[in-house]
*Asks:* 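Quick one: this structure, given as structure tokens, is what I'll be asking you about.
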Amino acid sequence: MLEQDIKKVLISEDELQAKAVELGEVLTNDYAGKNPLVVGILKGSVPFLADLIKRIDAHLEMDFMVVSSYHGGTSSSGEVKLIKDLDTSVEGRDILIVEDIIDTGRTLKYLAELLEHRKANSVKIVTLLDKPEGRVVEIDADYVGFQVPNEFVVGYGLDFDENYRNLPYIGVLKEEIYQ
Ligand code: PRP
Ligand code: MN
Ligand code: MG
């Protein structure tokens, strides 16, 4: 069903699982003895965050923010809107932002600045995917799962018009679907 709309699989389910294990080990080391606040950016980060936190062997807390910039299309509108804020106080905390993808960089630049302004002890970013060719503002993640080419990717949290987030892999959508 969903698979009919996919032109090619970019990152398989096995590769995604292996990456969660790999990044989880690195983060377990880097956050040893700390109590990080893991901040998932809804909605795209959900599948990656769910797999990643199970691989981090440290005390951590979890909270979520809702930000939106795409508004249903395939390209960013340039405007970032904060729709739901954290429930947890940020001051003095070690923040680990979890994202599915950095494209233009606008979402993460906005969020990283917001959380630093609230006097976090540290703000780091882990992103499953990085699309360097999409970058409009300067921001880099501290931890990156995979670099992806400048194609419209869906699955494992990433959507087209709110669909395809539930694919277990990352794929490239057929042009006829979004044209
Ligand atoms: C997507 C994606 C990232 C952001 C990346 O979220 O999940 O959060 O855009 O794009 P940028 O680097 O150009 O800012 P979106 O706003 O579509 O919301 P969603 O997570 O609910 O799909
Ligand atoms: Mn998102
Ligand atoms: Mg989206």
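Throughout, numbering of the chain's residues begins at 1 and tracks the sequence. Both counts, for ligands and for their atoms, begin at 1 and track the order of listing.
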*Asks:* Within a distance under 4.0 Å of any heavy atom of Gly44, pick out the atoms of ligand 1 and give their elements.
*Replies:* 19 (P), 20 (O)

*Asks:* Which atoms of ligand 1 have any heavy atom of Thr104 under 4.0 Å away?
*Replies:* 11 (P), 12 (O), 13 (O), 14 (O)

*Asks:* Considering only heavy atoms of Glu99, which atoms of ligand 1 have at least one such atom less than 4.0 Å away?
*Replies:* 3 (C), 7 (O), 8 (O)

*Asks:* Specify side chain, backbone, both or neither for Lys109, according to which of its non-hydrogen atoms lie closer than 4.0 Å to ligand 1.
*Replies:* neither

*Asks:* Would you say ligand 1 has an N or O under 3.5 Å from any N or O of Ile102?
*Replies:* no

*Asks:* Could you check whether any side-chain N or O of Asp5 sits under 3.5 Å from a backbone N or O of Glu3, counting only pairs where one atom can act as donor and the other as acceptor?
*Replies:* no

*Asks:* Applying side chain to side chain contact (heavy atoms under 4.5 Å, CB included) to Tyr164 and Asp159, what does each step give before you reach the verdict?
*Replies:* CA-CA 5 Å; Tyr164 304 101; Asp159 71 302; 5.9 Å; no

*Asks:* Would you say Arg165 contacts ligand 1, with heavy atoms under 4.0 Å as the rule?
*Replies:* yes

*Asks:* Side chain or backbone, does Ile41 bring an N or O within less than 3.5 Å of an N or O on ligand 1?
*Replies:* no

*Asks:* For ligand 1, note which part of Asp100 has a heavy atom under 4.0 Å away: side chain, backbone, both or neither.
*Replies:* side chain

*Asks:* Quick one: does Glu15's side chain have a donor or acceptor within less than 3.5 Å of a partner on Ser12's backbone?
*Replies:* yes

*Asks:* I'd like to know if the side chain of Lys131 and the backbone of Ile101 have a donor-acceptor N/O pair within less than 3.5 Å.
*Replies:* no

*Asks:* Short question: side chain of Arg135, backbone of Asp103 - any donor-acceptor pair under 3.5 Å?
*Replies:* yes

*Asks:* Taking only heavy atoms of Ile101, which atoms of ligand 1 are found under 4.0 Å from at least one of them?
*Replies:* 2 (C), 3 (C), 5 (C)

*Asks:* Is the positively charged end of Lys84 above the ring of Phe64, judged by distance under 6.0 angstrom from the centroid and angle within 45° of the axis?
*Replies:* no

*Asks:* Determine whether a donor-acceptor pair (N or O, by modelled atom type, separation under 3.5 Å) exists between the side chain of Lys19 and the backbone of Gly145.
*Replies:* yes

*Asks:* Considering the heavy atoms of Asp103, write down every atom of ligand 1 situated less than 4.0 Å from one of them.
*Replies:* 10 (O), 11 (P), 12 (O), 13 (O)

*Asks:* Among Ser45, Gly40, Gly105, whose heavy atom sits nearest atom 12 (O) of ligand 1?
*Replies:* Gly105

*Asks:* What atoms in ligand 1 come closer than 4.0 Å to a heavy atom of Lys43?
*Replies:* 19 (P), 20 (O), 21 (O)

*Asks:* Taking the side chain as everything from C-beta on, heavy atoms only, tell me whether Asp100 gets closer than 4.5 Å to Leu129.
*Replies:* no

*Asks:* So, the side chain of Asp130 versus the backbone of Gln147: is there a donor-acceptor pair under 3.5 Å, distance only?
*Replies:* no

*Asks:* How about Asp159: does one of its N, O or S atoms come closer than 2.8 Å to the Mg ion (ligand 3)?
*Replies:* yes

*Asks:* Is a side-chain donor-acceptor pair under 3.5 Å present for Ser122 with Asp94?
*Replies:* yes

*Asks:* Out of all atoms in ligand 1, which are within 4.0 Å of some heavy atom of Asp159? Include the element for each.
*Replies:* 22 (O)

*Asks:* Would you check the N or O atoms of Glu162, main chain and side chain alike, for any that come under 3.5 Å of an N or O of ligand 1?
*Replies:* no

